[in-house]
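Ligands are counted one by one from 1 in listed order, and the atoms in each one are counted from 1 as well. Bear in mind that the values here come from a model prediction, so they are computed numbers and not experimental data. Side chains included, hydrogens not; waters and symmetry mates left out as well; all remaining heavy atoms used.
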Amino acid sequence: MEISLKNQVAIITGASSGIGAGISKSLAESGATVVINYPFEVSKIAADAVLKTITDAGGKGITYMCDVSKEDQVVKMFQDVVAQFGTVDILINNAGIQKDAKFTEMTLDQWNAVIGVNLTGQFLCAREAIKEFLRRGIDETKSVAKGKIIHISSVHEIIPWAQHANYAASKGAIRMLMQTLAQEYAGEKIRVNSICPGAIQTPINTAAWDTPEVLNSLLSLIPYNRIGQPKDIGNLAVFLSSDASDYINGASIFIDGGMTTFESFSTGG
Ligand code: NAD
């Protein structure tokens with residue numbers, strides 16, 4: 001199966017590190033022009049480094065600063081990308097944060113910050129993307145769909161997570177956001193799906209893999225016995241962005257080395 005995303009423009013939010021950077025590289029390798037979004041000035045150097053890796057390998061893209069939790073910035077990002085490249089074909093709703101606390105100690109600021117980026121950010125970007133897909137219509141030289149949205153959710157859209165109520169709530173809500181959009185816009189030939197990663201080796205969860213002790217404890221939750229890499233997610237994002245997955249719509253795809261088979265029951269419970 002040969003996959004080409006040639007002439008398609010993809011916005012990847014939160015792409016200066018981790019999974020977003022990995023997806024950007026994979027999409028660019030498949031021919032997409034990538035918009036590597038990052039939130040603040042402090043992430044610019046990292047975003048530029050991701051872009052350099054891509055352009056050094058012959059890929060195309062730009063970096064773009066935008067805080068996805070801010071409506072005016074998201075609207076402007078889509079306007080600017082359409083002005084520069086003509087349209088947007090693929091949205092990877094990836095930006096996400098954690099602000100962990102015991103529930104009784106969780107502040108409203110911690111709650112709002114996580115919901116603001118992880119959920120409201122995905123709402124704002126999806127809304128602008130769908131408006132653009134509808135405006136442009138189908139261009140079959142590129143894809144049989146008007147557009148594709150991939151939400152980066154988590155195994156925590158179904159696994160409850162003590163001391164992470166804000167994060168788990170944001171990911172659970174993404175499932176309904178994704179399925180509702182998939183249902184509402186399927187007739188318009190817009191596909192909306194979620195990728196639900198298990199443990200992927202990125203900066204968001206350094207504390208879970210940066211010593212042999214914590215890594216061993218993490219591996220006890222993963223039947224396949226390895227931590228995931230951004231490339232694992234990038235491969236799936238390419239497939240879901242392409243017409244090879246044209247009949248997949250409204251799906252949450254778990255990519256977790258079997259974590260959601262619940263390893264602790266492997267000896268009979
Ligand atoms: P990461 O910390 O490397 O990536 C998160 C990115 O989001 C960063 O680049 C950060 O700059 C960006 N970001 C933060 N606030 C933003 C904002 N307001 N606007 C735009 N960008 C913003 O961690 P990651 O693991 O690559 O996380 C990416 C996504 O994957 C997140 O949604 C996370 O919840 C999800 N996820 C990660 C794992 C894992 O094990 N690493 C597992 C499940 C889900």
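Distances shorter than 4.0 angstrom occur between a heavy atom of Lys171 and an atom of ligand 1. Under the 4.0 angstrom criterion for non-hydrogen atoms, Ala199 is in contact with ligand 1.
Protein heavy atom nearest atom 26 (O) of ligand 1, with residue, atom name and distance: Ile19 N, 2.7 Å. Ranking the protein heavy atoms by distance from atom 5 (C) of ligand 1 puts Gly96 O, 3.4 Å first. Residue, atom and distance of the protein heavy atom nearest to atom 14 (C) of ligand 1 are Ile97 CG2, 3.5 Å. Counting protein heavy atoms only, atom 23 (O) of ligand 1 is closest to Ile204 CB, 3.2 Å. Ranking protein heavy atoms by distance to atom 18 (N) of ligand 1, first place goes to Asp67 OD1, 2.8 Å. Atom 33 (C) of ligand 1 has as its closest protein heavy atom Tyr167 OH, 3.5 Å. The protein non-hydrogen atom at the shortest distance from atom 32 (O) of ligand 1 is Asn94 O, 2.8 Å. Of all protein heavy atoms, the one closest to atom 38 (C) of ligand 1 is Gly198 O, 3.8 Å.
Proximity of Cys66 to ligand 1, defined as any heavy-atom pair under 4.0 Å, is confined to the backbone N, CA, C and O atoms.
Checking Ile255, Ile23, Thr202 against atom 24 (P) of ligand 1, the nearest heavy atom belongs to Thr202. Looking at Asn37, Val114, Asn93, it is Asn37 that brings a heavy atom closest to atom 20 (C) of ligand 1. When the options Val74, Ile152, Asp256 are ranked by their closest heavy atom to atom 30 (O) of ligand 1, first place goes to Ile152. Remark: among candidates Ser154, Pro39, Ala95, Ser153, the nearest residue to atom 35 (C) of ligand 1 is Ser153, based on non-hydrogen atoms.
Among the atoms of Thr13, none of the N or O lies under 3.5 angstrom from an N or O of ligand 1. Looking at Val155 next to ligand 1, no N or O pair under 3.5 Å apart turns up. Not a single N or O atom of Asn118, backbone or side chain, sits closer than 3.5 Å to an N or O atom of ligand 1. Checked by distance only, ligand 1 and Asn205 come closer than 3.5 Å through their nitrogen or oxygen atoms. Taking any N or O of Val68, backbone or side chain, at least one lies under 3.5 Å from an N or O belonging to ligand 1. Checked against a 3.5 angstrom limit, the closest N/O atoms of Ser69 and ligand 1 fall outside it. Remark: ligand 1 and Ile200 share an N or O pair separated by less than 3.5 Å (distance only, no angle test).
In this structure the side chain of Met259 reaches within 4.5 angstrom of the side chain of Leu221, judged on heavy atoms. Side-chain contact check for Arg175 versus Ile158: some heavy-atom pair is nearer than 4.5 Å.
Between Arg127 and Glu71 there is a salt bridge, with a side-chain nitrogen of the basic residue lying less than 4.0 Å from a carboxylate oxygen of the acidic one. Between Lys99 and Asp109 there is no salt bridge, since none of the side-chain N atoms of the basic residue sits less than 4.0 Å from a carboxylate O of the acidic one.
Of the N and O atoms on the side chains of Ser143 and Gln8, not one donor lies less than 3.5 Å from an acceptor on the other residue. There is no side-chain donor-acceptor pair under 3.5 Å between Thr13 and Asn37.
Counting the atoms of ligand 1 from 1 in the order shown, those under 4.0 Å from a heavy atom of Val117 are 15 (N), 16 (C), 18 (N). Of all the atoms in ligand 1, the ones that sit under 4.0 Å from a non-hydrogen atom of Pro197 are 42 (C), 43 (C), 44 (C). Of all atoms in ligand 1, numbered sequentially from 1 with element shown, those under 4.0 Å from a heavy atom of Gly18 are 3 (O), 26 (O). Per-residue contacts place Ser17 under 4.0 angstrom from the following atoms of ligand 1 (heavy atoms of the residue considered): 1 (P), 3 (O), 4 (O), 8 (C), 9 (O). When each atom of ligand 1 is checked for a heavy atom of Ser16 under 4.0 Å away, the hits are 9 (O).
When atom types are taken as modelled, the side chain of Asn93 and the backbone of Gln122 share a donor-acceptor pair closer than 3.5 angstrom. Side-chain N or O atoms of Trp209 include one that pairs as donor or acceptor with a backbone N or O of Thr202 at under 3.5 Å. For Asn249 (side chain) and Val192 (main-chain N/O), a donor-acceptor pair under 3.5 Å exists by modelled atom type. Using modelled atom types, no side-chain atom of Asp89 and backbone atom of Ala10 make a donor-acceptor pair closer than 3.5 Å.
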Test side chain to side chain contact (heavy atoms under 4.5 Å, CB included) applied to Glu128 and Met77, step by step = CA-CA 9 Å; Glu128 295 314 301; Met77 174 167 71; over 6 Å; no

Check the pair Ser154 / Tyr167 against side chain to side chain contact (heavy atoms under 4.5 Å, CB included), numbers first and verdict last.
-> CA-CA 10 Å; Ser154 166; Tyr167 184 85; 4.0 Å; yes

Using the side chain to side chain contact (heavy atoms under 4.5 Å, CB included) rule, take Ile12 and Val35 through it: C-alpha gap first, then chi angles, then the decisive distance, then the call.
-> CA-CA 6 Å; Ile12 305 99; Val35 177; 5.8 Å; no

Take Tyr185 and Ile149, measure what side chain to side chain contact (heavy atoms under 4.5 Å, CB included) needs, and give me the verdict at the end.
-> CA-CA 11 Å; Tyr185 289 100; Ile149 295 177; over 6 Å; no

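Applying the salt bridge (Lys or Arg N to Asp or Glu O under 4.0 Å) rule to Glu263 yields no partners; only residues at least two apart in sequence or on another chain are considered. Legend: residues meeting salt bridge (Lys or Arg N to Asp or Glu O under 4.0 Å) with Asp48, ordered by chain and number and at least two apart, are Lys44.
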